Amino acid sequence: MQKRLKVLAIETSCDETAAAIVSGFQNQGAISDTVIHSNVVASQAALHERFGGVFPEVAAREHVKAILPTIRLALHEGLGSDDPAALRTLNALAVTVGPGLIGSLLVGVETANALALSSQLPLVGINHMAGHFYSTFVPKPLRFPVLALLVSGGHTQLVWSAHPNQFKILGTTRDDAVGEAFDKAAALLGLPYPGGSQIEHLAHNAEQPTPFPVTRLEAYAFSYSGLKTALRREMEKHPHPTPGERANLAAGFQEAALKQLVEQTRAAASQHQPATVVVGGGVSINKQLREKLSDALSPLPVHFPDPALTGDNAAMIGVAALWHSLKQPLKERYDLKAEASLQLA
Ligand code: KG4
Ligand code: ZN
């Protein structure tokens, strides 16, 4: 029998305070017809810009200030009321328990524990990376087995999911995450944090992308330290690049960074033969990545999240919670713990 489940989800793993209401049908081992009723994200990016990255103490304090207004707004937009009685129309609460900055995670997790206690609603803890994975399952389920490339500021992972809620890490980065490499490259080029979108934007103006070597590694490892050093060397040779030269450097960096992602994903797809390939995380908004990966894997379908679901948000945590409910019945609990280094598999 079909049953529509509606959840309030909370996400505070890094520098975005987020809350969302999502619902979907539990239907023959899958969640279908997923609807995002609200998706509120209060970003602290502007605050961290002057530090050139996320300042953990500041992030935690900002989450404390923003969490209740963010939840209220998500309830108001998603349920038409932020009255506590509106919570009774929900089936469960969900929150990111890790991985992430411990001070940031704690704000979301303890708020969720308290809300669960006061509302007597079931509560489920979600892995942030599972959220990025399921961000591509909106509005409809995709066919398993799924090969996922998860690319964010903290992670670069190739993940194999043979069945819903089962994850196996095929490969990961040896040093920086790809988003982090974009952020560091942007800093070298004098662009503000977060740098991924800045690099992509600047690269548009390139006439002749600077050639950078692509680090070739065993299946399915990633590494960005060599590329970062190559960019730094290039900058040392030309400490005052013209706008055109900066654009060429940004485009060359982007090309080499994305090429490694595309090559390793193509190798994993040809060895493992997935039914579907998905890409999630902040870097998955990158247009070059979308085009290059879709071309390289054609005719295999590659699914990318809606742009609003690429960066950190709570809607993806809600979607992951709906899928989690297929594995384990939702239960009342107020004892979730935050885990900074939580693994997906
Ligand atoms: O998933 P996300 O929002 O946060 C984490 O879980 O880390 O990912 C943020 C990362 C940042 O490193 C940011 O620079 C990168 O995603 N990013 C991009 C683009 N937009 C954001 N990287 C490349 N191209 C973009 N357009
Ligand atoms: Zn993320």
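In each ligand, atom 1 is the first atom listed, and ligand 1 is the first ligand listed. From a predicted model like this one, the values you see are computed outputs, not experimental measurements.
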**Student:** Please check this pair: side chain of Ser104 against backbone of Cys14, looking for a donor-acceptor N/O pair closer than 3.5 Å.
**Tutor:** yes
**Student:** Do Ile10 and Ile317 touch side chain to side chain, with heavy atoms closer than 4.5 Å?
**Tutor:**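 The answer is no, as the side chains (C-beta and beyond) never meet within the 4.5 Å cut-off.
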**Student:** When you measure from atom 24 (N) of ligand 1 to each heavy atom in Thr310, Asn286, Val178, which option holds the nearest one?
**Tutor:** Asn286
**Student:** Do Arg174 and Ser223 get their side chains close enough for a donor-acceptor pair, meaning under 3.5 Å?
**Tutor:**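 Side chains of Arg174 and Ser223: no pair found under 3.5 Å.
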**Student:** For atom 15 (C) of ligand 1, what is the nearest protein heavy atom, given as residue, atom name and distance?
**Tutor:** Val283 CG2, 3.9 Å
**Student:** I want to confirm something. Looking only at heavy atoms, which of Ala177, Cys14, Ala185, Gly196 is nearest to atom 22 (N) of ligand 1?
**Tutor:**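 The option holding the nearest heavy atom is Gly196.
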**Student:** Could you tell me, atom by atom, which parts of ligand 1 come under 4.0 Å of a heavy atom of Ser197?
**Tutor:** 19 (C), 20 (N), 25 (C), 26 (N)
**Student:** I need the atoms of ligand 1 closer than 4.0 Å to a non-hydrogen atom of His132, numbered in the order shown.
**Tutor:** 1 (O), 6 (O)
**Student:** Considering only heavy atoms of Gly179, which atoms of ligand 1 have at least one such atom less than 4.0 Å away?
**Tutor:** 12 (O), 14 (O)
**Student:** Looking only at distances, can you tell me whether any N or O atom of Gly153, backbone or side chain, sits closer than 3.5 Å to an N or O atom of ligand 1?
**Tutor:**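 Indeed, backbone or side chain, Gly153 has an N or O that close.
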**Student:** How does Lys287 reach ligand 1, by side chain, by backbone, by both or by neither, if only non-hydrogen atoms under 4.0 Å count?
**Tutor:** neither
**Student:** What N/O/S atom of Asp312 gets nearest to the Zn ion (ligand 2)?
**Tutor:** OD1
**Student:** Classify the angle between the aromatic ring planes of Tyr134 and Phe137 as parallel (below 30°), tilted (30 to 60°) or perpendicular (above 60°).
**Tutor:**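 The arrangement is perpendicular - the two ring planes meet at more than 60°.
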**Student:** Just to confirm my numbers, could you give the angle made at the Zn ion (ligand 2) by NE2 of His132 and NE2 of His128, rounded to 10°?
**Tutor:**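 It rounds to 90°.
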**Student:** When you compare the side chain of Phe167 with that of Gln157, does any pair of heavy atoms fall below 4.5 Å?
**Tutor:**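 In short, these two side chains do not touch, never coming nearer than 4.5 Å.
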**Student:** To the closest 0.5 Å, what do you measure between CG (Leu115) and CG (Leu123)?
**Tutor:**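 It comes to 9.0 Å.
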**Student:** Suppose we measure from atom 26 (N) of ligand 1 to each protein heavy atom; which comes out shortest, and what is that distance?
**Tutor:** Glu200 OE1, 2.7 Å
**Student:** Any N/O of Gly282 closer than 3.5 Å to an N/O of ligand 1?
**Tutor:**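 It does: an N or O of Gly282 is found under 3.5 Å from an N or O of ligand 1.
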**Student:** What are the atoms of ligand 1, with element, lying closer than 4.0 Å to any heavy atom of Gly154?
**Tutor:** 7 (O)
**Student:** Identify which one of Leu147, Val302, Thr136 satisfies the side-chain contact (heavy atoms from CB on, under 4.5 Å) criterion when paired with Val279.
**Tutor:** Val302
**Student:** For Glu16 and ligand 1, answer yes if some heavy atom of the residue is under 4.0 Å from a ligand atom, otherwise no.
**Tutor:**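 Per 4.0 Å heavy-atom rule, Glu16 does not contact ligand 1.
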**Student:** Indicate yes or no for a side-chain donor-acceptor contact from Ser284 to the backbone of Thr310 under 3.5 Å, with no hydrogens or angles considered.
**Tutor:** no
**Student:** Output the list of atoms in ligand 1 that are nearer than 4.0 Å to some heavy atom of Gly311, sorted by atom number.
**Tutor:** 3 (O)
**Student:** Heavy atoms, side chains only, cut-off 4.5 Å: are Phe182 and Phe253 in contact?
**Tutor:**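 They are in contact (side-chain heavy atoms under 4.5 Å apart), so the answer is yes.
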**Student:** Kindly identify the option in Ile285, Leu258, Asp312 whose heavy atom sits closest to atom 20 (N) of ligand 1.
**Tutor:** Ile285
**Student:** Going by distance only, is there an N or O of Asp183 that falls short of 3.5 Å from an N or O of ligand 1?
**Tutor:** yes
**Student:** Take the angle between the ring planes of His204 and His201 and call it parallel below 30°, perpendicular above 60°, tilted in between.
**Tutor:**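 Rings of His204 and His201: perpendicular, as their planes differ by over 60°.
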**Student:** Determine whether more than 12 heavy atoms belonging to other residues, nucleotides or ligands lie under 6.0 Å from atom CD of Glu57.
**Tutor:**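 Atom CD in Glu57 is not crowded, with 12 or fewer foreign heavy atoms closer than 6.0 Å.
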